[in-house]
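Since the structure comes first, as structure tokens, the remarks are kept for the end.
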Amino acid sequence: MLSRKDLFKDTLRKAAHAWKRIIELRLSEEEAHMLRSYVDQPAFTDLHWGMFIPAIKGQGTEEQHEKWLPMAYKMQIIGCYAQTELGHGSNVQGLETTATFDPQTDEFVIHSPTLTSSKWWPGGLGKVSTHAVVYARLITGAQDHGVHGFIVQLRSLDDHSPLPGITVGDIGMKFGSGAYNSMDNGLLRFDHVRIPRNQMLMRVSQVTREGKFVQSDVPRQLVYGTMVYVRQTIVSDASCALARAVCIATRYSAVRRQFGSQNGGPETQVIDYKTQQSRLFPLLASAYAFRFVGEWLKWLYADVTQRLQANDFSTLPEAHACTAGLKSMTTSVTADAIEECRKLCGGHGYLSNSGLPELFAVYIPTCTYEGDNVVLLLQVARFLMKTVSQLGSGKKPVGTTAYMGRAEHLMQCRCEVERAEDWLKPSVILEAFEARAFRMSIACAKNLSKFSNPEDGFSELSPDLLEAAIAHCQLIVVSKYIEKLQQDIPGKGVKRQLEILCNVYALHLLHKHLGDFVTTSCITPKQGALANQQLRLLYSQVRPNAITLVDAFNYTDHYLGSVLGCYNGNVYQRLYEEAWKDPLNDTVVPDGYLEYVWPILKQHIRTARL
């Protein structure tokens, strides 16, 4: 209920307090990240730590690290990531901002030549950031060398005023009442702003004093390492956001009773209705599935980093495609799931104090930032088509595409399910998902080969390619969940519950995408019906432990921020108490009554005599 200015000031206050505690407690980088996440309010610090510093670390030279990182780590400068423009977002190569080298002064001239070249959306830019990593077209002489990164100071470190030639401000209110309105997403224009040559990020490519453009020995693929890091954190965040929504909806579904009263007894708990279970429990299973695939992505990032340091780039394209696809899939599912959880809470879910409207509003931008989800899936599809094209060359697919190395088997295998319980075998589930993903990719590749111009074919078949990419990403999550269950999990009861959730996740996807599995001849319609039959039985097995499974997320009432999801289940009392806290209830008679309502009631409205 705060005004935009008050909300923003509140965010600054919290960010400053968090930084104070980080210093006082001497927290590690990981601990500091955890503390900032519990502030649970988008702030300029998100971009400083999450994008500005990683960009310098990933794309800067050792000398640039020595100069800029100590100041950034101490927050003596505050940075943002200025890439997206008013006219270009996903198409990074279409950016219009220019960085023209002036050999006379050994400087770059940063300029916004058009209105659409204005930087637009960077978080922290609007009101706080003192510096930015700005992405612009590098021009030496008359030659355009494409988009590169530059460190640019935006504001004075004395009085915070914009430096000469810089126009900067906030882009305005966004979706929701709180949500990302606590973030100063900004606009930025340059009018021939000069920066020293050494402020170009030069790890991958450089400009010499004479103005010659030189590629360094460091491969350009290193840039992907930063992307892998950022996207793996987004997948982990998806798990957390989905878990919050599911926790609220599950607890409230156990408290809420409607219909089914027998002889004056209590009504039926909403969570006991099969329609509620079939909508809610797959989301609970997804929250666990995303958590496990997020943990695996942390390992993948560590593995990629280790390989990069040893100049081994063999797994990088696959890791890049994998993280792009999982970022897309998990954020799209989570955004839709939060809204579904709101619906599962009925009318009360629409109240702000349910926690769900604000959770939805603050989460949905993830479907766009760090790569539009559709664009990312098309990148995955390109990688899959390339992998398929190389199958006959002797080059073995690696990582999450390793299943494609069993091409002959996956094209010929037939599902052997005869009874519903056969669908509980991990090997049966995994083979069905592998065969479906592979056959969809093969079908796309065959159809693409019919086009004389591959790009025309890719454009025409893009909807089919998206479906193939989604099938591949779903396979990754299912396979990583099954791998998790093969590890040593303490407690038979715990492992059993995770097995049930794994089966719910997989069989719900199979039921939802039944057309894919049947049309690719991976399973028969009868086997699809048996899968659905088994899925209904699994819901009954989830039900007794549903509350325990969401309690295991260990979210406090304060962190959930939901009247409906409170731990003690005292929902109705809290709803009643919260209602009286609304500012409208500060007075019995509302402001404006005498001016507007009373004349209507007393028929004293004056009308114009025309």
Side-chain angles (χ1 to χ4, degrees), residues 1-22 35-52 75-82 84-86 118-132 152-164 166-190 350-366 368-369 558-559 561-562 578-587 590-592:
M1 296 182 188
L2 296 175
S3 69
R4 177 82 200 283
K5 283 187 173 181
D6 288 341
L7 174 64
F8 185 64
K9 188 174 181 180
D10 180 65
T11 308
L12 300 183
R13 178 176 63 87
K14 289 178 180 175
H17 181 70
W19 181 240
K20 177 172 176 282
R21 298 301 287 150
I22 288 166
L35 176 60
R36 283 192 296 270
S37 74
Y38 283 122
V39 173
D40 200 33
Q41 196 162 303
F44 64 92
T45 47
D46 300 348
L47 280 298
H48 176 79
W49 294 101
M51 295 297 292
F52 180 70
M75 294 198 80
Q76 292 170 326
I77 60 172
I78 297 170
C80 65
Y81 188 86
T84 300
E85 295 178 354
L86 189 56
S118 306
K119 295 298 179 184
W120 196 274
W121 275 114
L125 170 64
K127 293 294 172 184
V128 177
S129 293
T130 62
H131 290 68
V152 184
Q153 184 173 348
L154 307 176
R155 293 180 168 97
S156 164
L157 293 177
D158 295 322
D159 62 5
H160 206 60
S161 59
L163 297 182
I166 286 174
T167 302
V168 62
D170 187 272
I171 61 172
M173 284 285 286
K174 290 143 291 198
F175 190 93
S177 54
Y180 260 85
N181 291 304
S182 60
M183 177 76 82
D184 55 327
N185 297 92
L187 61 91
L188 172 65
R189 287 183 60 76
F190 298 99
Y350 191 64
L351 282 168
S352 261
N353 59 30
S354 76
L356 292 166
E358 280 302 301
L359 180 58
F360 180 67
V362 81
Y363 189 78
I364 52 174
T366 58
T368 306
Y369 67 58
H558 177 75
Y559 185 69
S562 170
E578 285 296 315
W580 289 108
K581 294 177 183 177
D582 192 281
L584 275 182
N585 289 322
D586 288 347
T587 58
D591 294 343

* Asked: Are the side chains of Leu154 and Leu125 in touch, meaning some heavy atoms are under 4.5 Å apart?
  -> yes

* Asked: For Asp159, does its backbone N or O pair with a side-chain atom of Ser156 as donor and acceptor, under 3.5 Å?
  -> yes

* To do: Examine distances only and state if a side-chain atom of Ser129 and a backbone atom of Gly124 form a donor-acceptor pair shorter than 3.5 Å.
  => yes

* So, the side chain of Asp170 versus the backbone of Gly126: is there a donor-acceptor pair under 3.5 Å, distance only? -> no

* To do: Could you tell me whether a side-chain N or O of Lys119 sits under 3.5 Å from a main-chain N or O of Tyr81, the two making a donor and an acceptor?
  => no

* Asked: How about Ile78 and Phe52: do any of their side-chain heavy atoms sit closer than 4.5 Å?
  -> no

* Are any non-hydrogen side-chain atoms of Thr167 and Pro162 less than 4.5 angstrom apart? -> no

* Asked: Does Ser182 have any side-chain hydrogen bond (donor to acceptor under 3.5 Å, both in side chains) partners at least two apart in sequence or in another chain, and if so, which?
  -> none

* Taking His131 for the side chain and Gln153 for the main chain, is one N or O donor matched with an acceptor at less than 3.5 Å? -> no

* To do: Would you please name every residue forming a side-chain hydrogen bond (donor to acceptor under 3.5 Å, both in side chains) with Ser118, sequence neighbours left out?
  => Arg189

* Ring centroid separation Tyr38 to Tyr559 under 6.0 Å -> yes

* Asked: So with a 6.0 Å cut-off around CG of Asp591, is the heavy-atom count from everything else above 12?
  -> no

* Asked: Do Lys14 and His17 have side chains that get closer than 4.5 Å, going by heavy atoms?
  -> no

* Asked: Donor-acceptor pair, His160 side chain versus Val128 backbone, under 3.5 Å?
  -> yes

* So, do Phe175 and Phe360 sit near enough that their side-chain heavy atoms are less than 4.5 Å apart? -> yes

* Nearest-0.5 Å distance, NZ of residue Lys9 to NZ of residue Lys127 -> 14.5 Å

* Asked: Atom OG1 of Thr84 and atom CG of Leu188: how far apart are they, to the nearest 0.5 Å?
  -> 12.5 Å

* For the side chain of Asn181 and the backbone of Gly178, is there at least one donor-acceptor N/O pair under 3.5 Å apart? -> yes

* To do: Please identify each residue that fulfils side-chain hydrogen bond (donor to acceptor under 3.5 Å, both in side chains) with Ser3, with sequence neighbours left out.
  => Asp6

